[in-house]
Amino acid sequence: MNQLYFPAQTQSTPVREILSPATAPLQWLRLSTIRLQRQHSTEIVLKGEEGVLDIFSGTCTVEIRSRTGDATYREIGQRANVFAGLPFMVYLPLNATATITADSDTLEIALITAKADVGYEPKLVYPDEAVNKVVGKDNWQRSVVTSIGEDVQAQRLLVGETVNPPGNWSSSPPHKHDCNTPPEAKMEEVYYYKTNPLQGFGMQRMYTAPGYPEPMNECFVVQSGDAVAIPGGYHPVVAAPGYQLFYLWALAGETRSYGAGTDDPEHAWILGMK
């Protein structure tokens, strides 16, 4: 099995690829980060992929050219950091070319792409258009924001953000989406982490159900700038006491269905807690 955990690294170029099917046991997904200073630009060219830009901090102008439509989104983005509000996200069509120009002193963006062969139109999803929910209860309550959901036309990608309060769990009860057995649909996933304060950490566990063809039982300490590839299995996450834990999540598969997973039957009983 290829690498699952990708520790943070210094970024010396405007675009840095973090993981891809070449480096992780994934079929569809690729994750990169983009960092620019004011008035600096970079060009993204997708080849056989669709994509999503998640503006982590700063503001920018995005110019998109594609066979399914052109678009220019000026001075989008509003957050000082990922803990300071909801995201602007931009859907990039199949084989699109996107030019990104920083309008603020600094700009940080995550780029998620997935292999695709169907084209849709560009789309800007504003913060107030995202689905923002508080999920769970007690020490497994967290905030889940879905910006690129099934209401946004795309072939494979589903993208959003989760924030765990200090000490809290997410993906609880542990769930998976690694087989095409309704109501479950097979979709791989990636997580990209941030912590507040910066020196914080969390824990990511990944384990498979009995009979899975590639058994796995792994646990990683995750810090700001780390990423994890989730080819299958259950994948709960916990934030250390005193630290908020943010992660960008992106799903892709043959089927595109948000929430098409199943809970670990050994732990699903917590859903009935009063």
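Salt-bridge formation is not detected for the pair K176/E189: no Lys NZ or Arg NE/NH1/NH2 atom is positioned less than 4.0 Å from an Asp or Glu carboxylate oxygen. Salt-bridge check for E17 with R30: passed, with a basic side-chain N closer than 4.0 Å to an acidic carboxylate O. In this structure, R16 does not pair ionically with E108, as no charged nitrogen and carboxylate oxygen lie closer than 4.0 Å. One finds no salt bridge joining K115 and E49 here, because no Lys/Arg side-chain nitrogen approaches an Asp/Glu carboxylate oxygen to under 4.0 Å. Salt bridge absent: E121 and R67 never bring a charged side-chain N and a carboxylate O closer than 4.0 Å. Salt bridge absent: D226 and K194 never bring a charged side-chain N and a carboxylate O closer than 4.0 Å.
With no hydrogens or angles considered, no side-chain donor-acceptor pair links D105 and Q37 at under 3.5 Å. Side-chain contact of Y247 with S170: a donor-acceptor pair under 3.5 Å is present, judged by distance alone.
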**OP:** Verify salt bridge (Lys or Arg N to Asp or Glu O under 4.0 Å) between K123 and D151, making sure each step is shown before the conclusion.
**Re:** CA-CA 11 Å; K123 172 70 174 178; D151 58 329; over 6 Å; no
**OP:** Apply side-chain contact (heavy atoms from CB on, under 4.5 Å) to V90 and I76, showing your working.
**Re:** CA-CA 10 Å; V90 178; I76 59 174; 3.7 Å; yes
**OP:** Determine, step by step, whether H175 and H267 satisfy the ring-ring contact (aromatic ring centres under 6.0 Å, His included) criterion, reporting the C-alpha distance in whole Å, the side-chain angles of both residues, the deciding distance to 0.1 Å, and the verdict.
**Re:** CA-CA 10 Å; H175 74 275; H267 306 298; over 10 Å; no
**OP:** Could you give me the CA-CA distance, side-chain angles and deciding distance for V222 and M203, then say whether side-chain contact (heavy atoms from CB on, under 4.5 Å) is met?
**Re:** CA-CA 6 Å; V222 291; M203 302 288 287; 6.0 Å; no
**OP:** Just do the side-chain contact (heavy atoms from CB on, under 4.5 Å) check on I18 and S32 with the steps written out, would you?
**Re:** CA-CA 5 Å; I18 296 173; S32 303; 5.8 Å; no
Original post:
Taking it one step at a time, do L111 and L92 satisfy side-chain contact (heavy atoms from CB on, under 4.5 Å)?
Top reply: CA-CA 10 Å; L111 168 65; L92 304 177; 4.1 Å; yes
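Within the 4.5 Å cutoff, side-chain heavy atoms of V145 are placed close to those of P87. Counting only heavy atoms from C-beta outward, the side chains of Q244 and P166 approach each other to under 4.5 Å. For the pair T97 and I64, the minimum side-chain heavy-atom distance is 4.5 Å or more. At a threshold of 4.5 Å between non-hydrogen side-chain atoms, the residues H235 and R205 do not count as touching.
Judged purely by atom type and a 3.5 angstrom limit, N81 uses its side chain to pair as donor or acceptor with the backbone of F83. For the pair R38 (side chain) and D103 (backbone), a donor-acceptor distance under 3.5 Å is present. Remark: the backbone N or O of T59 is not paired with any side-chain donor or acceptor of Q78 at under 3.5 angstrom. Judged purely by atom type and a 3.5 angstrom limit, E188 uses its side chain to pair as donor or acceptor with the backbone of Q27. Judged purely by atom type and a 3.5 angstrom limit, N168 uses its side chain to pair as donor or acceptor with the backbone of Q141. Of the possible polar contacts, none joining the R35 side chain to the L107 backbone as a donor-acceptor pair under 3.5 Å is found. The backbone N or O of V15 sits less than 3.5 Å from a side-chain atom of T13, completing a donor-acceptor pair. No donor-acceptor distance shorter than 3.5 angstrom exists from the side chain of S171 to the backbone of P174, with no hydrogens or angles considered. Checking side-chain atoms of T68 against main-chain N and O of Y120 turns up a donor-acceptor pair under 3.5 Å. Side-chain atoms of Q11 come within 3.5 Å of backbone atoms of T33 as a donor-acceptor pair (strictly under, hydrogens ignored).
Between N217 and Y207, the shortest heavy-atom distance links the atoms OD1-CB, 3.7 Å. Pairing each heavy atom of A227 with each of L19, the nearest pair is CB-CD2, 4.0 Å. Of all the heavy atoms in G51 and L46, the pair that sits closest is N-CD1, 3.7 Å. Scanning both residues, I100 and L36, for their nearest heavy atoms gives O-CD1, 3.6 Å. S57 and A80 make their closest contact through CB-O, 3.3 Å (heavy atoms, listed as atom of the first residue, atom of the second, distance). Closest heavy-atom contact between A229 and V190: CA-CG1, 4.4 Å.
When the shell of 6.0 Å around CD of Q199 is examined, it contains more than 12 heavy atoms from other residues, nucleotides or ligands. In the displayed structure, Y212 atom OH is contacted under 6.0 Å by more than 12 heavy atoms of other residues, nucleotides or ligands.
Atom OG of S257 and atom CG of L158 lie 8.0 Å apart (nearest 0.5 Å). Taking NZ of K47 as the start and CG of L94 as the end, the distance is 13.0 Å to the nearest 0.5 Å. The SG atom of C179 sits 3.5 Å away from the CD atom of E184 when rounded to the nearest 0.5 Å. Distance check, rounded to the nearest 0.5 Å: CD of Q204 to OH of Y5 gives 11.0 Å. In this structure, OG1 in T99 is found 4.5 Å from CD in E43, a value given to the nearest 0.5 Å. Interatomic distance, I44 CD1 to L53 CG, rounded to the nearest 0.5 Å: 7.5 Å.
Taking the six-membered ring where the residue is Trp, F201 and Y243 present tilted rings, their angle falling between 30° and 60°. Taking the six-membered ring where tryptophan is involved, the planes of Y193 and Y191 are perpendicular, since the angle between them exceeds 60° and thus also 30°.
Note on L26 and L157: same hydrophobic cluster, where clusters join Ile, Leu, Val, Met, Phe, Trp and Tyr whose side-chain heavy atoms are under 4.5 Å apart, directly or indirectly. Taken together through direct or relayed side-chain contacts under 4.5 Å among Ile, Leu, Val, Met, Phe, Trp and Tyr, L124 and V159 form parts of separate hydrophobic clusters. Linking ILVMFWY side-chain heavy atoms closer than 4.5 Å, directly or via other members, places L248 and I109 in two distinct hydrophobic clusters.
Cation-pi geometry between R256 and Y258 is not satisfied (NZ or CZ under 6.0 Å from the ring centre, within 45° of the ring normal). Cation-pi contact between R142 and W169: absent, since separation from the ring centre below 6.0 Å together with deviation from the ring axis within 45° is not met.
Partners of Y91 by ring-ring contact (aromatic ring centres under 6.0 Å, His included), not counting sequence neighbours: none found.
Taking the ring centroids of F246 and F56, they lie under the 6.0 Å cut-off.
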